[in-house]
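What follows is a single structure, written as structure tokens, with notes after it.
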Amino acid sequence: MAFSIPKNEKLKSKKQIERLFVDGKSISNYPLKLIYQKVDSLGENDSKVAFIVPKKNFGGAVHRNRIKRLLREGYRLNKHLIFNNIEGKFTFAIIYIGKDMPNYQMIKENIQGLFNKFIKKTTHEKME
RNA sequence: UGAGCAGGUCACCUUAUCGCUCCUUUCGAGGGGAGGAAAGUCCGGACACCAUAGUGCAGCAUAGCGGGUAACGCCCGUCCGUCGCAAGACGCGGACAAGUGCAACAGAAAGCAAGUACAGUUAGGCUGUAGUGAAAUCAGGUAAACUCUAUGCGGUGCAACGCCAUGUAAACCAGUGUUUGAGGGCUGCACGCCCGAGUUGGAGGGUAGGCGGAUUGAAUUUUUGGGCAACCAAAAGUCUAGAUAAAUGAUGAGGCUCGACAGAAUCCGGCUUAUGACCUGCUUUUUUU
RNA sequence: GGCCACGUAGCUCAGCUGAAUAGAGCACUGGAUUUCGGCUCCAGCGGUCGGGGGUUUGAAUCCCUCCGUGGUCA
């Protein structure tokens with residue numbers, strides 16, 4: 001699997017985002033929070049992901065952009081953890097809840113931790 | 001060197017790998033990729049639709065004089081005023097000799113008037129001074145008070161606007177109307193112009209995807225000429241982000257002064273605000289030599 | 001991205017045709033009433049008028065500029 005995020009892996013549809021926030025489940029690993037939902041792949045070929053930084057915590061566009069870029073980078077380099085271990089399509093939203101500026105090292109470790117939690121939880125749900 | 005004034009420049013750089021976005025492509029790859037403020041949305045335009053934007057009133061804006069500009073509330077020059085020892089900075093800087101209003105406290109009196117004390121003079125009266133106040137018969141003060149004068153301004157904004165796709169309901173109830181013209185568009189009103197068989201309200205249903213607009217422009221660099229200057233003209237050269245849940249990041253290596261404020265969304269010209277470092281010129285006096 | 005409003009006591013609002021002490025209700029404190037508490041009555045406390053600059057003799061009010069909050073437009 002390539003370490004890339006092409007356009008069709010980004011969550012864009014307003015409807016899908018709304019559905020995700022209403023019906024999705026969540027895991028948090030401070031300062032990150034993952035909202036996810038399994039989707040029935042009707043025409044959709046890929047899992048989709050969105051990165052969110054609330055304006056409430058970071059007023060300036062520069063800092064918000066910076067965090068989103070770090071999140072995107074973390075997802076790009078670590079998504080193999082999920083897709084090598086789990087079957088099915090999902091929509092994700094990764095939210096930065098913290099109020100302090102992170103660096104890449106922190107983001108990387110947090111994303112890996114978050115993905116491990118997610119894998120554990122979903123495999124557990126499957127067994128049940 | 002201290003204190004201060006004015007103006008200008010740059011905005012970490014180089015490289016490799018992995019990613020993002022746009023363009024080109026011989027499908028191997030190659031090339032471009034945030035700012036001086038991209039910000040605030042405070043002005044002025046371009047552009048689009050509504051009459052090729054029309055008339056009157058209302059409304060709003062500007063305000064010494066001259067020039068620049070597509071235009072401006074911007075810029076340049078200059079006069080005057082205020083501040084500063086100075087270099088310089090700042091100025092909503094027309095009219096109260098058209099009318100109306102307002103003026104706390106103080107004061108006799110802040111305009112349909114009234115008139116204190118003292119001095120001059122024979123007296124009436126007149127003149128001067130004192131006293132209150134920001135302002136006192138002075139053509140009084142006040143227009144960032146109404147107003148008047150001059151000049152300018154039609155409205156709405158790219159979520160404008162054009163097109164394609166998808167979907168439902170030309171359904172139901174009530175009012176009103178069809179050439180004797182309802183209603184709508186063009187502004188707040190009136191006129192005028194245009195469209196015109198529907199339209200307004202109630203309750204309810206559906207869509208909310210994509211393409212264009214969109215980046216070559218009052219653009220910019222150099223040289224020459226004109227002008228005190230802002231700026232203008234000519235010649236030669238350059239192509240410099242274009243996304244749409246929305247692109248610039250990560251890692252390694254090297255270097256330095258160890259990097260502030262901060263992220264394009266239709267596009268330009270300004271203003272204002274945030275902000276690091278460096279350079280140039282000038283003023284001034286003291287400290288030092 | 002565009003357009004439009006609003007910031008006054010701890011809270012909800014007046015005052016914004018410039019001048020007099022910035023008022024009202026709730027809340028808070030003290031007192032009266034009551035066996036005690038509530039209700040009621042009396043008194044008090046509490047304000048950079050969002051910040052800064054300007055006009056004016058004088059600004060919450062007029063003008064400019066920043067900051068914050070909210071609404072609206074396919």
Side-chain angles (χ1 to χ4, degrees):
Chain A
M1 178 170 291
F3 294 109
S4 65
I5 310 180
K7 250 180 181 175
N8 54 5
E9 283 185 33
K10 290 181 187 170
L11 182 53
K12 294 180 178 181
S13 161
K14 198 171 181 177
K15 277 185 174 174
Q16 284 186 328
I17 293 170
E18 266 174 32
R19 206 160 56 227
L20 175 61
F21 273 87
V22 172
D23 301 327
K25 299 171 183 175
S26 73
I27 306 172
S28 68
N29 183 26
Y30 189 82
L32 297 178
K33 184 175 180 183
L34 175 73
I35 299 181
Y36 66 96
Q37 183 185 32
K38 195 168 166 92
V39 291
D40 306 319
S41 51
L42 293 171
E44 301 287 349
N45 296 319
D46 301 286
S47 292
K48 289 178 182 296
V49 64
F51 304 94
I52 299 168
V53 181
K55 202 170 190 176
K56 197 176 161 188
N57 295 342
F58 293 91
V62 171
H63 295 127
R64 241 179 7 256
N65 263 341
R66 166 82 183 161
I67 294 171
K68 283 198 285 187
R69 284 166 184 160
L70 292 176
L71 290 176
R72 201 175 296 135
E73 189 70 12
Y75 177 85
R76 183 173 77 80
L77 296 175
N78 292 295
K79 64 175 185 176
H80 63 277
L81 289 176
I82 293 179
F83 296 112
N84 290 350
N85 291 313
I86 294 213
E87 291 291 318
K89 316 290 190 209
F90 291 86
T91 50
F92 300 108
I94 298 175
I95 307 176
Y96 188 83
I97 325 174
K99 288 177 180 168
D100 303 313
M101 201 62 202
N103 57 32
Y104 179 69
Q105 199 59 32
M106 287 166 56
I107 292 288
K108 186 182 168 188
E109 286 167 9
N110 265 294
I111 287 227
Q112 288 172 350
L114 192 66
F115 285 179
N116 285 330
K117 275 190 182 178
F118 171 71
I119 291 163
K120 244 184 228 172
K121 198 170 176 187
T122 40
T123 45
H124 189 65
E125 280 171 354
K126 213 178 227 177
M127 286 185 153
E128 285 179 345

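Reminder, nothing fancy here: chain letters follow the sequence lines and each chain counts from 1.
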How would you label the glycosidic angle of [N]: syn (within 90° of 0) or anti?
N       : value
G36(B)  : syn
U127(B) : anti
G28(B)  : syn
U41(B)  : anti
U8(C)   : anti

Between [N] ([atom2]) and [X] ([atom1]): distance, integer Å:
X       : N       : atom1 : atom2 : value
K55(A)  : U69(C)  : NZ    : C1'   : 14 Å
M101(A) : A262(B) : CE    : C1'   : 12 Å
I67(A)  : G263(B) : CD1   : C1'   : 14 Å
I94(A)  : A245(B) : CD1   : P     : 19 Å
K108(A) : C18(B)  : NZ    : C1'   : 13 Å

What pairs of nitrogen or oxygen atoms, one from the protein and one from nucleotides 246-253 of chain B, lie under 3.5 Å apart?
residue: U248(B); atom: OP2; partner: R69(A); partner atom: NE; Å: 3.0
residue: U248(B); atom: OP2; partner: R69(A); partner atom: NH2; Å: 3.1
residue: G249(B); atom: O3'; partner: R66(A); partner atom: NH1; Å: 2.9
residue: G249(B); atom: N2; partner: E73(A); partner atom: OE1; Å: 3.4
residue: G249(B); atom: N2; partner: E73(A); partner atom: OE2; Å: 3.1
residue: G249(B); atom: N2; partner: R76(A); partner atom: NH2; Å: 3.2
residue: A250(B); atom: OP1; partner: R66(A); partner atom: NH1; Å: 2.5
residue: A250(B); atom: OP1; partner: R66(A); partner atom: NH2; Å: 2.5

Need the pair for [N]. Rule: Watson-Crick or G-U wobble, both distances under 3.5 Å, any strand; none if unpaired.
N       : answer
G120(B) : C126(B)
C282(B) : G4(B)
U223(B) : A234(B)
G140(B) : none
A247(B) : none
G198(B) : U176(B)
A262(B) : none
A160(B) : none

Holding to side chain to side chain contact (heavy atoms under 4.5 Å, CB included), I want the full list of residues that pass it with [X], two or more places apart in sequence or in another chain.
X       : result
N65(A)  : K68(A), R69(A)
D100(A) : none
S28(A)  : K33(A)
I52(A)  : F21(A), A93(A), I95(A)

Check whether any side-chain N or O of [X] sits under 3.5 Å from a backbone N or O of [Y] as a donor-acceptor pair, and report yes or no.
X       : Y       : answer
R64(A)  : F58(A)  : yes
K79(A)  : S4(A)   : yes
N103(A) : M106(A) : yes

How far, in whole Å, is [M] from [N] if one measures between their [atom1] atoms?
N       : M       : atom1 : answer
G93(B)  : U55(C)  : C1'   : 13 Å
U220(B) : A37(B)  : P     : 14 Å
A59(C)  : G52(C)  : P     : 14 Å
C126(B) : A110(B) : C1'   : 25 Å
C60(B)  : U156(B) : P     : 15 Å
G10(C)  : G35(B)  : C1'   : 45 Å
C268(B) : U221(B) : P     : 15 Å
G88(B)  : A63(B)  : C1'   : 26 Å

Checklist outcome for this item: Taken in chain and number order and not counting sequence neighbours, the residues that satisfy ring-ring contact (aromatic ring centres under 6.0 Å, His included) with F115(A) are none
Next on the checklist: Test of understanding: with ring-ring contact (aromatic ring centres under 6.0 Å, His included), list the residues that count as partners of F51(A), not counting sequence neighbours.
Outcome noted: Y75(A)
Checklist outcome for this item: Base-paired stretches in RNA chain C with three or more consecutive Watson-Crick or G-U pairs, both distances under 3.5 Å, amount to C:1-7 with C:67-73, C:10-13 with C:23-26, C:28-32 with C:40-44, C:50-54 with C:62-66
Checklist entry - Residues in salt bridge (Lys or Arg N to Asp or Glu O under 4.0 Å) with E109(A), at least two apart? => result none
Next on the checklist: My understanding is that only residues two or more places apart in sequence, or in another chain, count here; which of them pass salt bridge (Lys or Arg N to Asp or Glu O under 4.0 Å) with K117(A)?
Outcome noted: none
Tell me the closest heavy-atom pair linking [X] and [Y], and the distance in Å.
X      : Y       : value
F92(A) : S47(A)  : CE1-CB, 4.5 Å
L71(A) : L32(A)  : CD2-CD2, 3.6 Å
L70(A) : P102(A) : CD1-O, 4.0 Å

Next on the checklist: Which label fits F3(A) and H80(A): parallel for a plane angle under 30°, tilted from 30 to 60°, or perpendicular past 60°?
Outcome noted: perpendicular
Item to check | Contacting residues from residues 26-36 of chain A, given that a heavy atom lies under 4.0 angstrom of RNA chain B | outcome: none
Checklist entry - Y104(A) and I97(A): same hydrophobic cluster, using ILVMFWY side-chain contacts below 4.5 Å? => result no
Please write out the pairs of protein N or O atoms and N or O atoms of nucleotides 27-31 of chain B separated by less than 3.5 Å, giving the distance to one decimal.
none

